2 protein chains.
Amino acid sequence: MNQYPHSTRLLVAIDCIIFGFDGDEIKLLVIKRNFEPERGKWSLMGGFVNQEEDLEVGAERILYELTGLNNIYVEQLLTFGKVNRDPVERTISVVFFALINIHSHDEESVRAHNAHWVSLKNMPQLIFDHEKMVQNALERLRYKAALHPIGFELLPETFTIPQLHKLYEAIYGMQLDRRNFSRKILSTGLLVDTGEKNENSATKKAVLYRLDKEKYEDKFHSFWYFMPEPSA
Amino acid sequence: MNQYPHSTRLLVAIDCIIFGFDGDEIKLLVIKRNFEPERGKWSLMGGFVNQEEDLEVGAERILYELTGLNNIYVEQLLTFGKVNRDPVERTISVVFFALINIHSHDEESVRAHNAHWVSLKNMPQLIFDHEKMVQNALERLRYKAALHPIGFELLPETFTIPQLHKLYEAIYGMQLDRRNFSRKILSTGLLVDTGEKNENSATKKAVLYRLDKEKYEDKFHSFWYFMPEPSA
DNA sequence: CCAAAAGTGTTGTAGTTACACCCATGG
DNA sequence: CCATGGGTGTAACTACAACACTTTTGG
């Protein structure tokens, strides 16, 4: 077998930031470790990269193992590689972040892994550099959600504008004018009126929308700021 | 020595995308390999991560080795980890991208490494997945330059608005109205008139500006699109 | 019929595009 | 004195923030 000589090989881990939205707050899915090292402490869900496994595949494996979900929004965040970040042995960690509908995961599996949804406001201490990872992921979420129609990934298939509005308020920790927000979102042309209405509401029922998948794919990469607005 | 048992350790490489601007085009600094594997082919500058070296430090080491430059703009891009991306042995590559003033590097060192500036338009074939990396880096550059005052990193300490204008046209491969661009850039308040003028011009001499470092640091992270403009 | 939440209208303002015009310089 | 490129001005348009108002529902 061909090999590069004289080079050190390192452990490569994958850690997953998993965000959810409970209708009020952004939540993070973390596990209380019942294994060593750092048993009893909180950490992100993770694992090691297998020899014959692409990084993305590894991330999907780990996410599936915990949540039972496939086909969720996953994006590579950054790779953390400080020499002493893991006290046991030097480990490079490739961090992914995932957005899921908080009600869709496999409860069994989550319980079996001793995982819990925690709110970002009173997040427990996490092991190693996992808090930095979360901080970084939150910044990325804010960044992307401001520029791309990404928030939907945290909601069910069908959702109402007020739900989306609350979601955005939660992401940015600030109040947004309900009416302007509604227009802004609708003006993207990405939402399709399903004709149905939300039954949960105690007062006036809100219209349920779903994503226009095609337009979503098309428009996903558009953004502008320093550049002039596209005239077409 | 404590170790995680039963886990595979992998080679971890660092590859560097190095962008420059020659006044006309965005250029990429690549090396023509005079070592195995793939001797004689073009590739990005890279190296392996040392056992006792942080990833960022490794990137800076590699960049310094090639260009002789310290304190340049470096940002982690993404980590590439497909199982067969390197035919010799499975290698994870953490990719960084750097922006430098094309005239400031150490010519000696660049020659010694058999490195050359190539234009993106007729870029030679690169080994492995390096072309994907470049593609990705270009997208990131476009993304960031549209939202953050990052273009300056590709220019000398002092520069003129027309230079900056040409730079942005090169980044996006499109024409931008000279006059509106000028106002937009000046309205950021990030440029300071040095009082001096560009001597190179054959006609009217343009004012030389420099960055207001403090404001630059402050404003670096501001951006908006879906969100309302900050009222303060 | 009233409170609470959802949805629609309107207006002033600020930013930006798409221009025209003037200025400085070297040949 | 003229061609070239740099700098400033301006009008029309558009987007959006900040509001008020109407509609629907349950109790």
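Note on naming: letters A, B, ... go to the chains in the order of the sequence lines (proteins, then strands), and numbering restarts at 1 for each one. Note that these values count all heavy atoms, side chains included, but never hydrogens, waters or copies made by symmetry. As the structure is a computational prediction, the values presented were derived from the model and not from experiment.
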So, [X] versus [Y], ring centres under 6.0 angstrom or not?
X      : Y      : value
B/H148 : A/Y143 : yes
A/F181 : A/Y168 : yes
A/W42  : A/H130 : no

Quick one: [X] [atom1] to [N] [atom2], roughly how many Å, whole number?
X      : N      : atom1 : atom2 : answer
A/D193 : C/dA6  : CG    : C1'   : 13 Å
B/Q163 : D/dG5  : CD    : P     : 15 Å
B/E169 : D/dG5  : CD    : P     : 13 Å
A/H165 : D/dA17 : NE2   : P     : 12 Å
A/L164 : C/dA6  : CG    : C1'   : 15 Å
A/N198 : D/dT23 : CG    : P     : 22 Å
A/F181 : C/dA5  : CZ    : P     : 18 Å
B/K184 : D/dG9  : NZ    : P     : 20 Å

Query raised in the report: How would nucleotides 7-12 of chain C be written as a contact map, 5' to 3', with B for base contact, S for sugar-phosphate-only contact and - for no contact, using protein heavy atoms under 4.0 Å?
Result: BBBB--
Report task. May I ask you to say whether A/R111 pairs ionically with A/E108, meaning some side-chain N is under 4.0 Å from a carboxylate O? Result -> yes
Report task. Mind listing the closest non-hydrogen atom pair of A/W117 and A/I18 along with its distance? Result ->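 Heavy atoms only, the tightest pair is CZ3-O, 3.7 Å.
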Query raised in the report: Counting only heavy atoms not in A/K166, do more than 12 fall under 6.0 Å of its NZ?
Result: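 Result for NZ/A/K166: open.
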